[in-house]
Every structure is written in structure tokens, then in C-alpha cells.
Amino acid sequence: MIDRNKERQKNDMPYVHRSTWKPGKEEAVTQNGMVTAMHPPSAEAGLEMLKKGGNAVDAAVAMIFCNVVIEPYMANIGGMGHMLVYLAKEGKTVSVDFTCRAPRNAHPEMYCVLDPDHHEKKRAGVQRGGFTSLYFDVEGNANNQGPLSVTVPTLCAGICAAHQRYGSLPLEELLEPAIHLASEGFESNWHLTLYAANMFDAFSEDPYLASMWLPGGHPPRSYPKPGEKIIQRDLGELLKRIARYGPDGMYRGEVADAIDAFMRKNGGILTKQDLEDYEPDISDPLSVPFKEYRVMTIPAPCGGVTNLQMFRILDLFALDAIGHNTAEYLNLFIQSARHTFADRHRYLGDWEYTPVPLKGLLSSQYAKELAEQVDLRGSGVGLGLEKEPWMYYMERAIHDPWKFDPLPSPESQYQPAIDTYKGDTAHINVVDKDRNVVTCTHTGPFIAGANVPSAGVYLTGGMSLFIAKPGFANSIEGWKRSIGSMSPLMIFRGGRPILSYGAPGGRRIINRAVQVVNNVVIFGMGPQEAIIQPSIDASTKQTLVDSRLPPDTIEELRRLGHEITVVEEEPGMLGNFSRPAAIYIDYESGLLKAGVDAFRPAIALGY
């Protein structure tokens, strides 16, 4: 990343006027139903189900199964996710949480952890597939690749449970598009070619993956058209079993036996009993008020908790008067983000196993205390850190949310939760003609050495989402949920959802979610306009700033004391920020309006 403003300052040169990306897509507008997806075949499957008379859950199930066929390098059938469902007839919102869980036989000392400085000595940005630990590296990368890295595959159970409770069309019908894409193949696009080329070494390490995703031993060609086809017959057969038997097609019987045998033979700890025991968590969502709205997300140790805390802080400021993307607004935003990330890294973990001051973190009194610490004439908290925030706040707490929590503060505090970052994720939104709504983010990229031959199951190295040493809020325990960054959101006004939102993008999901929501509900933008606005991210020591922001605004942030790195967003695998999608529901006009990421093949379709 080249910081051209710093270069200009160093050389005492005037600003250079240069060509820049001006991303844009036409906002999709329709009346009956709308879907968004990261790839057109998934969106087409969802729209097909809506036009057949299916509801939003039917469309979501069809799309998610297509996603695990088209982009299992982002989110596969052995992965995990979060879903919010709004049921219009009942006026009720439910959370379907299928966060990954560690196998029951997992324990805090199951890995040999290397010197904590080991990671700092590695070249930044090197990816070998899977997730990326940011502090404790493990001998042999065993928590990130291979059988010992595998978490319980929760996605299939989660979306099947959503369908069983809230869907209307037969499961067999919903899986038809995904089965066709897997068995007959789909055409490679530029994004897949780019991804496979960048991940060539990781794909090559696993002959089973390479046989499908490196046709002829090379990245799949997408030009000239038609592109090479990716065919996954084993996955197609698995999907046929799921269509016939539901989740039992994967979690019991032949496939479960094959997974169990593969694990025992290769040193893994996932068992068929883990598969049989798993059930998703279906509950009420978490929510907080924000201005005249209410923001809802998943009740899990995910990015949604951090977002709700940030909305609480920003609720105390007159954002519309401050103005969109002014230096004052961005200064306020950065400081609010840094306060919430300090708490995320210090306190967040699976509250089923670890004391977490969740009600304190989301209380109005605590938000007021943090808002009073925002310095509108300076840069406030989180500057000059000698380490990245997720490491720095391991060693210190700068706030005490326990004061505002009904639970007593534990006598011995857990160490905080180390963060991880990997942008390999997928997201879908659906609104149907009856105004049922689904927003779902799911993840779990496939990895080398953990794919069961001929069973059609790609498994996920989710153990790297935990801390590989004992004593931390996010340390490993059997059946524990890991901390994550995913943050599907619904925004309500007058008791009805007006915005369905989500994004892939790892830790950078969190800050951009708040910015896009604010662009819509505070600054009056449509969803597509809101998504293409220049963004910032304050989750690291340096605040990332989109190069499309005015130079004077960037200079003012520097004058206030912020450490800025200017980055240029452009078409690519993942990008510097998250990759949002949203559907806005206008009840007065009866219209649905959708926006999607402008730099990748994401699409909105409606009828």
C-alpha cells in the first residue's frame, strides 16, 4: 500500500492530480422480491425460488447451497454462519446462529504453540488458505490446516433448520440449482481465475482440491469465453443426499461414517458423535436503539456485538449536523471504533464458557461514559501503540464495562480474545413479496489436507479462530464457539425492517457496516450510493483511508493526530475494506432498492 500523501509531505511537493477508480453499479429497484449475492448463479437461484412462490427463507437456502458450490474457497459446506430472519406475518425476528464449535475432544493445550514473536518475524500477508492467526502460531500450522484444525461443520444444519421452521417449498426443489452447478459444472469468471492463481500453492497441496479447482494443473481459464468449467461430482452427490434426507444426509449415515474414519486415520478429533449432536441455536436477536431506529444482529461472539456497541456511542452525537465524511465525522468515527475494538479484544468470548459483560458493553450508561472520552479536537484513544490492538489490549484494560453489567465482575479476569483476520466469507440478502427478510453471512474456506475423498465434504480449519493457548477468553475448549467478525444486520423503524445488510471481509466487516448503515439512515442515501462511498477502517494501528476521500480531509485527520495509511480500492480478490450488500424496503412506495459491492461480481436481482 503506497501512502502518496506521506511521500508528498516528505518531498514538500504539491498534490498530484491522478486518475482514480470511480466505482458504480446501477441500483436495482423492484416491487415484489429482491435478492443480493456475491455471484450471479446464486442470485438467479434465489430469484427463481421467489418467482415460484417461495418465501425469503426458501430463496436464502437455495442461494447458500449455491454459494458453497461456486465459492467454497470463501465459504464451504463444512463452514459456519449467522442468519437473521424477519417473519412479517408474526412481526417477529429470529436469530439462526450456526457459529462453528470446537469438537468435544478439543482442549486448551492440544497444539504446540511457537514463540509469540514468531508471527512478527513472518512476512506479512502470506496466505496458505484457511484463516489467519494474528498472534500465536502453532507448530506445523496444525490449527489452520489438516485434520486437527477442523471444527464441527455447522452450516448445513443451520440452513436446514431455518428451512424446516420457516421455509415453504420442498428442500429437494431448493437444492436443484446447487446440484446442477456441482454436477454439471459452472463457468469460471475473472474473480475465480484471479483467486485460484493467487492461491495456487494452497490448492496444489491437496490433490483432491487440485483435481477440481486447478483443471489441467493450472488456474481455471475465464477468457476467452466460455471459461473453463468447474465440476464437483462428489459434492453434487452429497447435495442429492441432503435434498433427500435433510441434514441427516451429512450428519448421519455414510457421509458421517466417512468423516469419522478419515479423522481417526489422519489424527483429527472430530467424531461422528459431534456431527450427530450438533444443533444450531435459534433465539431472539441482540438489539440496541439508534436514533429513531433499532439495530438487530446475532447473539453470538461476533462482529455484531462490536457494531451494536459502536451504534450506542454514535447515537449520542448529532451525526447529520456534523456531515457525511467530514473530517469531524471521521474523527468521531475513528475514536468510537477504537474504543469498541479495545473492548472487543479485551472482553469478548463465548459467554457460554467465559464471563463476558455483554449487557454492560451494550448499556446506554456505558456508551455515555465512552462518548465523553471522545476528543473532537484531537485523536483520542489508541494512538502510538507499539503493537496491533488485538495484542496491545491483551495486556491492559482501558475501560470497565463490568460496572454497568448486572453480573458480578469475576474475581480472576480471563485474558482477552485475540482477533483473527481473513476476508474469505459470503453474504446474501433476501426480501420477498410479503416483506419477509433474511440476511445471512457465512464462512469457512476449504483447506488442504482436510477434505474427505469421494464424500463431497470440504471441511474448515476453524480451530485457528481460537487462541491456541489456555487462559484466554477465546481459548480452546470442547464444544466452545469461537470469536468471529461476521455481522449481518437488520435496521428497524416503527417495528418493521427497512434495511437488510451484510458483508464479507473479515475484521473489516465491522467498521464499514456502521458507515454504510449511517449513509442510509442518517445521510439519506440509497443502498447503492451508500455502498460505493469512500470508507475508512480503524481496526489496526494505522487507520486505513480510502484514496477517494478529499486530500484536505485526509490532511485534517493527520493534523488531529491520527496515523493514516491511504489505500486505493480496486477490483481484486478481497479488497482493503469489506464487500457490502444491502436491500432497502420503502413501505410508502412499495419499492425494494438494492446495492452491492462495485468492485467484484456481486449482483442484485429483483422482479
Side-chain angles (χ1 to χ4, degrees), residues 38-39 42 64-81 98 100-101 103 127-131 143-160 175 178-179 181-183 185-186 192 195-196 199-215 220 230-242 247 249-251 254-263 266 268 270 272 274-275 278 422 424-426 442-465 504:
M38 304 311 293
H39 291 275
S42 292
I64 294 166
F65 274 118
C66 286
N67 285 350
V68 304
V69 175
I70 297 170
E71 50 176 358
Y73 48 87
M74 292 285 186
N76 69 49
I77 199 163
M80 64 208 79
F98 39 104
C100 78
R101 288 189 181 268
Q127 302 291 339
R128 303 291 294 173
F131 297 103
N143 65 333
N144 196 49
Q145 287 187 275
L148 201 58
S149 71
V150 172
T151 41
V152 179
T154 59
L155 179 135
C156 178
I159 56 179
C160 286
L175 267 80
I179 291 170
L181 290 168
S183 303
F186 62 91
L192 172 54
Y195 199 96
M199 299 298 293
F200 181 84
D201 290 344
F203 285 9
S204 299
E205 288 175 6
D206 190 312
Y208 185 64
L209 293 180
S211 68
M212 293 171 284
W213 294 90
L214 297 176
I230 301 296
I231 299 174
Q232 304 163 86
R233 292 191 177 89
D234 292 339
L235 178 57
E237 291 302 311
L238 172 61
L239 294 174
K240 290 176 185 177
R241 290 181 61 86
I242 295 169
M250 178 170 165
Y251 293 83
E254 294 177 10
V255 174
D257 288 341
I259 293 172
D260 187 82
F262 177 84
M263 288 290 153
N266 294 283
L270 179 69
K272 62 180 179 181
D274 291 331
L275 300 175
Y278 178 73
K422 192 71 167 74
D424 295 342
T425 313
H442 62 108
T443 190
F446 54 36
I447 56 172
N451 303 295
V452 185
S454 76
V457 179
Y458 303 126
L459 294 171
T460 293
M463 293 302 293
S464 61
L465 294 171

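Worth saying up front: this structure is predicted, and the values here are computed from it rather than measured. In this chain, numbering begins with 1 at the start of the sequence shown.
Tyr73 has its side chain within reach of Leu192: a pair of non-hydrogen atoms, C-beta onward, lies under 4.5 Å apart. A 4.5 Å side-chain heavy-atom check between Glu254 and Arg241 finds at least one atom pair inside the cut-off. When side chains are defined from C-beta on, Met463 counts as touching Pro103, because their heavy atoms get closer than 4.5 Å. With a 4.5 Å cut-off on side-chain heavy atoms, Ile447 and Ser149 count as touching. Side-chain contact between Pro247 and Ile242: absent, with no pair of heavy atoms (C-beta onward) separated by less than 4.5 Å.
Across all non-hydrogen atoms, the minimal contact from Leu181 to Cys66 is CD1-SG, 3.8 Å. The shortest non-hydrogen separation linking Trp213 to Phe186 is CH2-CZ, 3.9 Å. Considering all non-hydrogen atoms of both residues, Asn76 and Val68 come closest at C-CG1, 3.6 Å. The two residues Ala75 and Thr443 make their nearest non-hydrogen contact at CB-CA, 3.6 Å. Of all heavy-atom pairs spanning Ala196 and Pro220, the tightest one is CB-CD, 3.6 Å. Taking every heavy atom of both residues into account, Ala426 and Glu71 meet most closely at CB-OE2, 3.4 Å.
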Verdict with reasoning, Ser42 to Ile70, per side chain to side chain contact (heavy atoms under 4.5 Å, CB included)
CA-CA 8 Å; Ser42 292; Ile70 297 170; 3.6 Å; yes
Verdict with supporting geometry, Arg101 and Tyr278, side chain to side chain contact (heavy atoms under 4.5 Å, CB included):
CA-CA 9 Å; Arg101 288 189 181 268; Tyr278 178 73; 4.2 Å; yes
Run Ser183 and Lys240 through side chain to side chain contact (heavy atoms under 4.5 Å, CB included) and show every step you take.
CA-CA 10 Å; Ser183 303; Lys240 290 176 185 177; 4.2 Å; yes
I would like to know whether Asn143 and Leu148 meet side chain to side chain contact (heavy atoms under 4.5 Å, CB included); could you show each step before the answer?
CA-CA 6 Å; Asn143 65 333; Leu148 201 58; over 6 Å; no
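The CG atom of Leu235 sits 10.0 Å away from atom CZ of Phe65, with the distance rounded to the nearest 0.5 Å. To the nearest 0.5 angstrom, Met250 atom CE is 5.0 Å from Ile259 atom CD1. Between the CG atom of Leu239 and the SG atom of Cys156 there is a distance of 8.5 Å, given to the nearest 0.5 Å. Separating the NE2 atom in His442 from the CD1 atom in Ile159 is a distance of 7.5 Å, to the nearest 0.5 Å. Distance CZ/Phe262 to CG/Asp257: 15.0 Å, rounded to 0.5 Å. With rounding to the nearest 0.5 angstrom, the CE atom of Met80 is 9.0 Å from the CG atom of Leu155.
Applying the side-chain contact (heavy atoms from CB on, under 4.5 Å) rule to Ser204 yields the partners Phe200, Leu214; only residues at least two apart in sequence or on another chain are considered. In this structure, the side-chain contact (heavy atoms from CB on, under 4.5 Å) partners of Asp206, at least two apart in sequence or on a different chain, are Tyr208, Leu209, Ala448, Asn451.
At a cut-off of 3.5 Å, with distance as the only test, no side-chain donor of Asn67 or His39 sits close to an acceptor on the other residue.
A donor-acceptor pair under 3.5 Å is formed between the side chain of Gln232 and the backbone N or O of Val69. A donor-acceptor contact shorter than 3.5 Å links the side chain of Asp260 to the backbone of Lys272. No donor-acceptor pair under 3.5 Å is formed between the side chain of Ser464 and the backbone N or O of Asn144. Between the Tyr251 side chain and the Pro153 main chain, a donor and an acceptor come within less than 3.5 Å of each other. The closest donor-acceptor contact from the side chain of Thr460 to the backbone of Gly444 lies under 3.5 Å.
Taking the six-membered ring for Trp and thresholds of 30 and 60 degrees, Phe203 and Phe446 have ring planes more than 60 degrees apart, a perpendicular arrangement.
With Leu459 as the fixed residue, the side chain to side chain contact (heavy atoms under 4.5 Å, CB included) test singles out one of Val152, Val150, Thr151: Val150.
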